[in-house]
Amino acid sequence: MRPVVSAPIPLFAHIHRSRPHSLPPLFMMTAGGVGDTSPLLSKPQALLSLPSALSSIQLPPIPLLCLYSAILIIASAATWLYLRLYHPIVHPYPWTLASSPSRRISDKKRKVVLAGSYDPPHRGHVAMLSYLSQRYGEVIAVVGMNPAKKYAVSPQQRAEFIQQMIDAEEEIKDNVRVEVVQGYIWRFAFREGVSIMFRGIRSWAKDGDEERYLHFLNTWGPMVFGPLRWPLPTQFLEGKPEYNHISSTLIRNMCVEAKKKGTEADLTALVPEGVADGVAKAYC
């Protein structure tokens, strides 16, 4: 007997010739169309019909797809930025370390900034730097400087006070350094490879209104003033309760009152003892 040889199937032949239908061939899994009780197409037939099926699907033109994608990206970015501005990340006290060992290892590879005026620095600042030092691999205490502004105590002198406070703390002096930064701090942070910028606050309810403007600059600055970059996250540390009554403004006011009375201000409860006299001489 002669072997039966089946006819070859054309490579890109249209299978659906029996009757018209609205769906493209890709979605017709039977030889006769939807609802047909004829046997399903074999796998080789289905594969051979795939190029024809794909070509029959009507897709939007490429410019329209690009427009849709751009609108989606912009909407997503705007939503994310809105949430970042009006629902910032605030770390309440007690501050915690990362919960998982892998996250702790990851944090130790990161560099962070704690920016402020430090005018003058006090015990609350030292407590925050100590926590960040324990959690992250490198911490930079950034003293912001506006070259157009005149200061009673120079940023360089304030940086020296912070450095003295850090040197007195054995646990943090190895991975915390101080920098005086002129201009936008987020630009400095990008140059340094910083992962997170931190700000110290008493609470968001008390300091949120004042901090929102700087938070806005840190968020939109890289995209508006350039170089065009996705902004670094800014997070907020609520103060340690025992130091929440301390502020730089309180220290300066105490110095003003001491000058009026002709006495020396005792700042040891507000500023580490080794630096208290130097701060009193500079501000009082």
Side-chain angles (χ1 to χ4, degrees), residues 83-144 158 161-179 185 189 192 194-212 214-215 218-219 231-251 267-276 279:
L83 292 174
R84 172 181 279 193
L85 280 173
Y86 291 96
H87 300 277
I89 298 176
V90 179
H91 297 268
Y93 191 85
W95 308 312
T96 58
L97 300 178
S99 56
S100 65
S102 60
R103 181 65 184 275
R104 291 179 186 176
I105 294 173
S106 176
D107 282 347
K108 277 300 182 181
K109 297 178 181 178
R110 305 171 86 179
K111 185 187 299 186
V112 300
V113 155
L114 180 64
S117 61
Y118 297 96
D119 192 20
H122 50 72
R123 291 184 182 274
H125 293 135
V126 176
M128 291 180 179
L129 289 170
S130 178
Y131 160 69
L132 293 175
S133 171
Q134 293 176 31
R135 178 162 184 171
Y136 298 100
E138 185 176 349
V139 182
I140 309 174
V142 170
V143 181
R158 283 177 265 150
F161 288 143
I162 302 171
Q163 190 63 59
Q164 292 173 24
M165 296 177 185
I166 292 170
D167 291 340
E169 302 287 333
E170 290 292 331
E171 296 179 352
I172 70 173
K173 67 179 184 179
D174 292 333
N175 69 331
V176 180
R177 61 186 171 96
V178 187
E179 295 283 350
I185 294 174
E192 287 286 329
V194 167
S195 300
I196 306 172
M197 294 188 294
F198 282 95
R199 294 278 299 175
I201 58 174
R202 290 170 296 176
S203 70
W204 187 255
K206 293 180 179 178
D207 300 329
D209 290 340
E210 296 179 8
E211 290 293 331
R212 201 181 302 279
L214 290 174
H215 190 27
N218 289 338
T219 301
L232 291 170
T234 299
Q235 300 181 13
F236 297 88
L237 279 180
E238 288 190 347
K240 199 172 182 179
E242 63 189 275
Y243 299 135
N244 262 2
H245 68 288
I246 304 174
S247 69
S248 297
T249 302
L250 172 65
I251 296 173
L267 304 179
T268 53
L270 312 178
V271 179
E273 293 183 8
V275 190
V279 171

Strictly distance-based, threshold 3.5 Å: is any side-chain N or O of [X] a donor or acceptor partner for the main-chain N or O of [Y]?
{"X": "Tyr131", "Y": "Leu97", "result": "no"}
{"X": "Lys240", "Y": "Ala127", "result": "no"}
{"X": "Arg202", "Y": "His245", "result": "no"}
{"X": "Arg135", "Y": "Thr96", "result": "yes"}

[atom1] of [X] to [atom2] of [Y]: how many Å apart, nearest 0.5 Å?
{"X": "Thr234", "Y": "Glu211", "atom1": "OG1", "atom2": "CD", "answer": "9.5 Å"}
{"X": "Met197", "Y": "Leu214", "atom1": "CE", "atom2": "CG", "answer": "10.0 Å"}
{"X": "Arg103", "Y": "Ile105", "atom1": "CZ", "atom2": "CD1", "answer": "12.5 Å"}
{"X": "Glu179", "Y": "Ile140", "atom1": "CD", "atom2": "CD1", "answer": "6.5 Å"}
{"X": "Arg199", "Y": "Leu114", "atom1": "CZ", "atom2": "CG", "answer": "8.5 Å"}
{"X": "Trp204", "Y": "Arg212", "atom1": "CH2", "atom2": "CZ", "answer": "5.0 Å"}

For Ile162 and Leu129, run side-chain contact (heavy atoms from CB on, under 4.5 Å): C-alpha distance rounded to whole Å, both residues' side-chain angles, the deciding distance at 0.1 Å, then the answer.
CA-CA 10 Å; Ile162 302 171; Leu129 289 170; 4.3 Å; yes
Is the shortest side-chain heavy-atom distance between [X] and [Y] below 4.5 Å?
{"X": "Trp95", "Y": "Gln134", "result": "no"}
{"X": "Arg158", "Y": "Ser117", "result": "yes"}
{"X": "Leu132", "Y": "Leu237", "result": "yes"}
{"X": "Met165", "Y": "Arg123", "result": "no"}
{"X": "Pro233", "Y": "Ile89", "result": "no"}

Parallel under 30°, tilted from 30 to 60°, perpendicular over 60°: which one fits the rings of His125 and His122?
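His125 vs His122 ring planes: parallel.
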What is the ring orientation for Phe198 with Tyr136, classed by angle as parallel under 30°, tilted 30 to 60°, or perpendicular over 60°?
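Tilted: the ring planes of Phe198 and Tyr136 meet at 30° to 60°.
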Among side-chain atoms of Ser248 and Asp119, is any donor-acceptor pair under 3.5 angstrom?
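No donor-acceptor contact under 3.5 Å links the two side chains.
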Closest heavy-atom contact between [X] and [Y]?
{"X": "Val271", "Y": "Pro121", "answer": "CG2-O, 3.9 Å"}
{"X": "Tyr118", "Y": "Val143", "answer": "CD1-CG2, 3.9 Å"}
{"X": "Asp107", "Y": "Ala98", "answer": "OD2-CB, 3.6 Å"}
{"X": "Ser133", "Y": "Asn175", "answer": "OG-OD1, 2.5 Å"}
{"X": "Asn218", "Y": "Pro231", "answer": "O-CB, 3.6 Å"}
{"X": "Tyr93", "Y": "Pro241", "answer": "CD2-CD, 3.2 Å"}

Ile201 vs Lys206, side-chain contact (heavy atoms from CB on, under 4.5 Å): CA-CA, chis, key distance, verdict
CA-CA 8 Å; Ile201 58 174; Lys206 293 180 179 178; over 6 Å; no
So with a 6.0 Å cut-off around CZ of Arg104, is the heavy-atom count from everything else above 12?
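It does: Arg104 CZ has more than 12 such atoms within range.
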